[in-house]
Amino acid sequence: MKVVVLGAGVVGVSTAWFLAKAGHEVIVIDRQAQAGIETSYANGGQISVSQSEPWANPGTPMRALKWMSKEDAPLLFRWRFDSRQWSWALKFLTECRPGRAKQNIRQLLNLGLYSRRTLQDLRAETGIHYDEQTRGILAIYQSQQALDEAANTCLLMQTYGMDRKVVTRDQIVEIEPALRHIAPKLAGGTYCPSDESGDARMFTQRLALLCEAEGVEFRYHTRINALLTRGSHLSGVSITGSDGQYETLTADAFVMAMGSYSPLLARTIGINLPIYPAKGYSATVPIEEPEVEVQNGEFVEGDNAPMVSITDEENRLVFSRLGDRLRIAGTAEFNGYSTELNAVRCTALINRAKQLFPSGADYSNAMFWTGLRPVTPSNVPMIGRTKEYNNLFLNTGHGALGWTQGPGSGRALADIINGDRPEVDFRFMGL
């Protein structure tokens with residue numbers, strides 16, 4: 001088959017890889033100059049299956065109300081005269097019910113575990129590297145109440161096969177010595193040793209090169225003008241190429257993997273996707289030269305910057321070492337399609353990093369970034385065949401877990417396009 005993939009982020013490129021490995025002719029279209037330049041550009045870096053608890057849970061509405069007046073709040077709704085935002089928010093509240101939240105956790109965990117295995121298999125097969133760390137993810141909590149809630153989540157996740165467990169303050173420092181400064185102020189933490197971290201943009205761009213070696217054609221600097229339909233069939237996509245020339249691409253199948261922009265394009269052909277953008281922030285700072293300490297007469301490197309990826313749950317921030325850089329990322333701001341940096345929220349990232357790792361990085365040389373995460377009300381992504389068009393497939397709506405779920409989502413959708421059922425228990429569209 002000939003397949004056109006719309007979008008060259010981690011999800012789109014992963015889909016292209018598995019389609020090409022299955023023998024299909026694949027063309028990937030993206031408006032940017034390279035793969036992985038939008039949402040995949042500078043995210044938190046975590047392959048965080050253990051963080052698969054959806055934002056829509058019973059405790060979120062009350063917390064969101066408390067945060068409404070805080071400019072640096074972890075979750076901030078900036079209400080607009082936007083019917084899509086209000087409609088999304090009402091659906092989000094429905095998904096906060098305990099029964100719905102529990103079902104969604106299971107969906108996210110199943111897909112996350114499958115995707116992490118897929119990533120590990122892909123790494124073994126290709127030798128791809130992307131500043132990966134396989135030291136797990138450590139989540140920290142300041143209040144006993146938050147830790148108790150996390151303990152209950154751990155028990156639920158353990159029933160689904162997750163190796164996430166509660167750890168004490170002393171165990172936190174054993175796992176990550178760089179947290180020794182903040183440990184006395186913590187109630188405790190949770191740790192998942194099987195989780196990983198790495199640079200999503202580096203992975204996406206290097207996988208794109210591997211895709212090209214498999215015959216995948218990438219068309220960058222290419223604008224999508226319109227999707228062309230004929231009855232219940234997508235007949236083509238009108239594009240303007242990097243040379244300014246108009247063209248209509250035809251194919252046997254089309255994959256929409258455009259993140260937050262998927263619903264805008266889908267709406268033009270009568271498909272209403274319940275996806276809304278959540279703006280996330282990140283700061284990337286160079287790690288300071290490790291200090292040298294003397295222990296038992298031997299020189300050893302200091303431990304001022306973390307080696308284990310950290311999640312600061314109550315502040316909704318993550319910290320990941322990417323080679324000689326520290327990535328600080330998080331928060332969610334529902335403010336339409338704005339990608340303007342907010343100085344208050346940027347400063348909040350650095351201030352919290354200084355509290356955790358006082359001399360871990362050169363915070364004066366931070367590079368700030370913001371990107372739009374495509375969030376469904378349930379946080380469960382939309383993967384599979386659309387009911388409106390028999391040759392249009394979706395791979396979008398992954399929210400903050402696009403890096404975690406991307407490789408597995410690509411593999412699963414390639415299976416669906418092949419006519420096979422994916423080897424994961426998940427509610428795929430059209431199956």
Side-chain angles (χ1 to χ4, degrees), residues 10 39-40 43-60 63 74-75 95 101-117 119 132-142 146-147 149-167 172 175-176 179 188-198 200 278 280-282 306 308-322 327-332 352 356 373-376 378-381 397-409:
V10 64
T39 305
S40 302
N43 67 8
Q46 292 186 336
I47 295 94
S48 50
V49 186
S50 63
Q51 309 295 301
S52 293
E53 184 177 8
W55 292 351
N57 63 71
T60 297
R63 284 193 291 266
L75 180 64
E95 297 293 339
K102 187 175 180 179
Q103 292 179 33
N104 294 333
I105 286 178
R106 182 172 184 178
Q107 290 285 296
L108 295 172
L109 282 173
N110 287 349
L111 182 60
L113 288 168
Y114 173 75
S115 188
R116 193 176 64 194
R117 290 193 301 270
L119 176 64
E132 69 273 12
Q133 295 278 4
T134 56
R135 299 170 182 260
I137 291 179
L138 177 64
I140 57 175
Y141 300 86
Q142 297 173 82
L147 180 62
E149 292 174 357
N152 290 332
T153 301
C154 282
L155 290 175
L156 175 61
M157 288 186 170
Q158 287 168 9
T159 64
Y160 298 141
M162 276 301 303
D163 55 340
R164 184 181 176 190
K165 60 183 179 181
V166 176
V167 291
I172 286 174
I175 295 166
E176 181 45 77
L179 287 171
T190 64
Y191 180 54
C192 179
S194 60
D195 272 342
E196 304 182 1
S197 59
Y281 288 75
S282 79
V308 175
S309 187
I310 309 294
T311 298
D312 181 359
E313 284 283 8
E314 290 170 78
N315 290 287
R316 296 293 194 272
L317 297 179
V318 303
F319 305 82
S320 296
R321 178 190 283 260
L322 304 174
R327 175 69 50 75
I328 310 152
T331 76
R352 185 54 175 166
L356 268 59
R373 308 176 185 128
V375 186
T376 65
S378 64
N379 281 168
V380 178
H398 295 78
L401 294 173
W403 182 202
T404 299
Q405 301 168 348
S409 296

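Inter-residue side-chain proximity for L109 and R106 is flagged as unmet; no heavy-atom pair is nearer than 4.5 Å. Considering only heavy atoms from C-beta on, R117 comes within 4.5 Å of Y114 through its side chain. Between I105 and E53, some side-chain heavy-atom pair lies under the 4.5 Å cut-off. Contact annotation: the side chain of T39 never approaches that of H398 to less than 4.5 Å [non-hydrogen atoms, C-beta and beyond]. Proximity of C192 to V49: side-chain heavy atoms (C-beta onward) are nowhere separated by under 4.5 Å. T190 places a side-chain heavy atom less than 4.5 Å from the side chain of Y141. Side-chain contact check for P54 versus E95: every heavy-atom pair is 4.5 Å or farther apart. At a threshold of 4.5 Å between non-hydrogen side-chain atoms, the residues P306 and L179 do not count as touching.
Going from atom CD of E132 over to atom CD of E196 covers 8.0 Å, rounded to the nearest 0.5 Å. Here L113 contributes atom CG and S194 contributes atom OG; the two are 7.5 Å apart, rounded to the nearest 0.5 Å. R135 contributes atom CZ, which lies 9.0 Å from atom OG of S197 (distance to the nearest 0.5 angstrom). For the atom pair CG (L401) and CG (N43), the distance works out to 10.5 Å, reported to the nearest 0.5 Å. A distance of 12.0 Å separates CE in M162 from OG1 in T153, rounded to the nearest 0.5 Å. Interatomic distance, L108 CG to Y160 OH, rounded to the nearest 0.5 Å: 11.0 Å.
A distance-only check finds no donor-acceptor pair linking the side chain of S309 to the backbone of I137 [under 3.5 Å]. Between the side chain of W403 and the backbone N or O of G44 there is no donor-acceptor pair closer than 3.5 Å. With hydrogens and angles disregarded, no donor-acceptor distance shorter than 3.5 Å links the side chain of S282 to the backbone of A329. Under the 3.5 Å distance criterion, the side-chain polar atoms of E176 are left unmatched by any main-chain donor or acceptor of I310. Side-chain atoms of S409 come within 3.5 Å of backbone N or O of Q405 as a donor-acceptor pair. Between the side chain of T311 and the backbone N or O of A139, no donor-acceptor pair lies under 3.5 Å. A donor-acceptor contact shorter than 3.5 Å is absent between the side chain of R327 and the backbone of G45.
Listed here is the closest heavy atom pair of I140 and D312: CG1-CA, 3.9 Å. When all heavy atoms are compared, the tightest approach of N104 to S378 is ND2-CB, 3.5 Å. Across all non-hydrogen atoms, the minimal contact from N379 to A56 is OD1-N, 4.1 Å. Of all non-hydrogen atoms in V375 and G399, the two that sit nearest each other are CG2-CA, 4.0 Å. V10 and G402 make their closest contact through CG1-O, 3.7 Å (heavy atoms, listed as atom of the first residue, atom of the second, distance). Shown here for A332 and R373, the closest heavy-atom pair between the two residues is CB-NH1, 3.8 Å.
Exactly one of T404, L138, D195 qualifies for a side chain to side chain contact (heavy atoms under 4.5 Å, CB included) with S50. That residue is D195.
When the shell of 6.0 Å around CZ of R352 is examined, it contains more than 12 heavy atoms from other residues, nucleotides or ligands.
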Please determine whether side-chain contact (heavy atoms from CB on, under 4.5 Å) holds for the pair T331 and R316, giving the CA-CA distance in whole Å, both sets of side-chain angles, and the decisive distance to 0.1 Å.
CA-CA 6 Å; T331 76; R316 296 293 194 272; 5.5 Å; no

